[in-house]
Amino acid sequence: MATGHTDPQRRERIISATLDLIAEEGIARVSHRKIAVRAGVPLGSMTYHFSGMDDLLREAFSRFTDHIVAVFDAHLSAPADPDQARQAVADLVHMLSEESGRDLVLTQELYTLAARQPAYRELTHEWMRRSRVHLEKHFDPDTARQLDALIEGLTLHRALSRQPHDRALTVEAIARITATGTRAP
């Protein structure tokens with residue numbers, strides 16, 4: 001194995017391996033040893049780069065929330081008017097619910113940690129704030145907050161349902177919430 005001096009991507013591989021293992025096995029089954037094996041690094045690298053499992057989990061989930069905020073940005077940066085923004089939100093719900101499930105599992109694992117530990121709750125609050133910034137480009141703050149919750153709920157329901165609802169229901173729900181809360185173009 002390469003040493004840290006010739007392996008500048010080691011820290012990134014550890015973080016990626018952590019997220020992959022959480023998505024596959026859940027936080028309860030993740031260990032330093034499993035992460036090191038998955039990342040292809042010596043076990044000692046874990047304590048060199050992170051002060052402990054909690055430090056690693058916070059960094060990994062911080063990276064994950066950055067990814068989701070980037071997904072929001074990709075969908076919500078282009079719309080030029082409220083109707084296009086509504087369609088972009090519908091696209092976002094359907095894209096998030098139809099993907100492999102990795103992001104869905106990571107989201108739920110993070111929410112479970114946040115329900116129990118204040119440090120992770122702060123991470124989720126910041127994530128929600130950052131997501132709403134993208135929604136507030138098109139909708140007033142109260143509407144953006146409602147839409148953020150709607151996106152989470154519809155995504156979860158579509159992803160876990162035996163018969164996911166269709167796009168028409170998503171569009172109707174978005175239209176109801178945004179009927180009076182759009183920003184002027």
Side-chain angles (χ1 to χ4, degrees), residues 9 12 15-20 22-24 26-27 57-115 118-185:
Q9 298 303 314
E12 294 302 315
I15 291 169
S16 293
T18 301
L19 290 170
D20 289 344
I22 291 169
E24 292 169 16
I27 288 176
L57 290 175
R58 277 194 313 273
E59 181 70 26
F61 278 121
S62 178
R63 196 66 50 86
F64 170 68
T65 61
D66 289 346
H67 158 71
I68 296 297
V69 170
V71 170
F72 267 65
D73 183 48
H75 278 81
L76 296 168
S77 62
D81 62 44
D83 288 333
Q84 288 178 5
R86 288 182 189 99
Q87 292 304 314
V89 171
D91 292 344
L92 180 63
V93 167
H94 286 255
M95 185 276 302
L96 290 171
S97 64
E98 293 167 358
E99 293 217 336
S100 67
R102 181 180 190 272
D103 288 350
L104 178 73
V105 170
L106 289 171
T107 298
Q108 299 313 307
E109 291 281 352
L110 175 55
Y111 286 163
T112 299
L113 277 175
Y120 294 96
R121 195 166 304 125
E122 286 305 313
L123 184 59
T124 61
H125 285 286
E126 180 60 14
W127 172 19
M128 287 183 252
R129 184 198 65 73
R130 291 172 62 203
S131 296
R132 285 192 308 266
V133 163
H134 295 293
L135 292 166
E136 288 175 8
K137 293 174 185 171
H138 310 286
F139 307 101
D140 68 68
D142 288 341
T143 301
R145 183 178 293 271
Q146 293 169 4
L147 270 178
D148 194 27
L150 180 73
I151 291 166
E152 295 277 341
L154 289 178
T155 298
L156 185 62
H157 283 240
R158 283 196 88 251
L160 299 179
S161 178
R162 287 189 184 122
Q163 295 179 325
H165 66 269
D166 63 11
R167 186 175 176 89
L169 187 143
T170 302
V171 170
E172 180 184 348
I174 293 165
R176 286 181 182 194
I177 287 177
T178 63
T180 61
T182 58
R183 293 212 182 267

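Given the structure is predicted, the values throughout are model-derived calculations rather than measurements. Basis for what follows: all heavy atoms, side chains included, without hydrogens, waters or symmetry-related copies.
Closest heavy-atom contact between G26 and E109: CA-OE2, 3.2 Å. Nearest heavy atoms, R158 versus S97: NH1-OG, 2.6 Å. Nearest heavy atom pair, residue A159 against residue L104, reads CB-CD2, 3.5 Å. A85 and P79 make their closest contact through N-CB, 3.5 Å (heavy atoms, listed as atom of the first residue, atom of the second, distance). Minimum heavy-atom separation, V69 to S131: CG2-OG, 4.1 Å. Taking both residues in full, the closest heavy atoms of V105 and A23 are given as CG1-O, 3.6 Å, listed atom of the first, atom of the second, then distance.
Taking the six-membered ring where the residue is Trp, the centroids of W127 and F72 are separated by 6.0 Å or more.
Residues D103 and H67 are in side-chain contact: their nearest non-hydrogen atoms beyond the backbone lie under 4.5 Å apart. Looking at I22 and L57, their side chains come closer than 4.5 Å, going by heavy atoms from C-beta outward. Between I151 and L96, some side-chain heavy-atom pair lies under the 4.5 Å cut-off. Residues I174 and Q87 have side chains not in contact (no heavy-atom distance under 4.5 Å, counting atoms from C-beta outward). At a threshold of 4.5 Å between non-hydrogen side-chain atoms, the residues H138 and T178 do not count as touching. Proximity of L169 to L154: side-chain heavy atoms (C-beta onward) are separated by under 4.5 Å at one or more points. Annotation: side chain of L123 is not in contact with side chain of L113 (no heavy-atom distance under 4.5 Å). No side-chain heavy atom of R132 sits under 4.5 Å from any side-chain heavy atom of F139.
In this structure, the separation between CD on E59 and CZ on R63 is 4.5 Å, given to the nearest 0.5 Å. To the nearest 0.5 angstrom, D91 atom CG is 11.0 Å from Q84 atom CD. Once rounded to the nearest 0.5 Å, the distance linking OG1 of T155 with CD of E98 reads 10.0 Å. Here the CE atom belonging to M128 is positioned 13.5 Å from the CD1 atom belonging to I68, to the nearest 0.5 angstrom. Between the CG atom of L150 and the CZ atom of R176 there is a distance of 11.0 Å, given to the nearest 0.5 Å. Note that CD of Q146 and CG of L135 are 11.5 Å apart. Values are rounded to the nearest 0.5 Å.
A salt bridge does not link R130 with D148: none of the charged nitrogens is closer than 4.0 Å to a carboxylate oxygen.
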Inset, instruction - With side chain to side chain contact (heavy atoms under 4.5 Å, CB included) as the test, would you mind laying out the steps for L156 and E152 before giving the verdict? - result: CA-CA 6 Å; L156 185 62; E152 295 277 341; over 6 Å; no
Inset, instruction - Report the C-alpha separation of D83 and R86 in whole Å, then their side-chain angles, then the decisive distance to 0.1 Å, and conclude whether the salt bridge (Lys or Arg N to Asp or Glu O under 4.0 Å) test is met. - result: CA-CA 5 Å; D83 288 333; R86 288 182 189 99; 2.7 Å; yes
Legend entry - Steps toward side chain to side chain contact (heavy atoms under 4.5 Å, CB included) verdict (D20, R102): CA-CA 8 Å; D20 289 344; R102 181 180 190 272; 2.7 Å; yes
Inset, instruction - Output, in order, the C-alpha distance, side-chain angles, deciding distance and verdict of side chain to side chain contact (heavy atoms under 4.5 Å, CB included) for D73 and K137. - result: CA-CA 10 Å; D73 183 48; K137 293 174 185 171; 3.5 Å; yes
Inset, instruction - Test side chain to side chain contact (heavy atoms under 4.5 Å, CB included) on T170 and H94 and set out the steps. - result: CA-CA 8 Å; T170 302; H94 286 255; 2.7 Å; yes
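A donor-acceptor pair under 3.5 Å is absent between the side-chain atoms of R58 and the main chain of Y120, judged by distance alone.
Around NE2 of H157, the count of heavy atoms belonging to other residues, nucleotides or ligands within 6.0 Å does not exceed 12.
Classification of the F61-F64 ring pair by plane angle, with boundaries at 30° and 60°, yields perpendicular.
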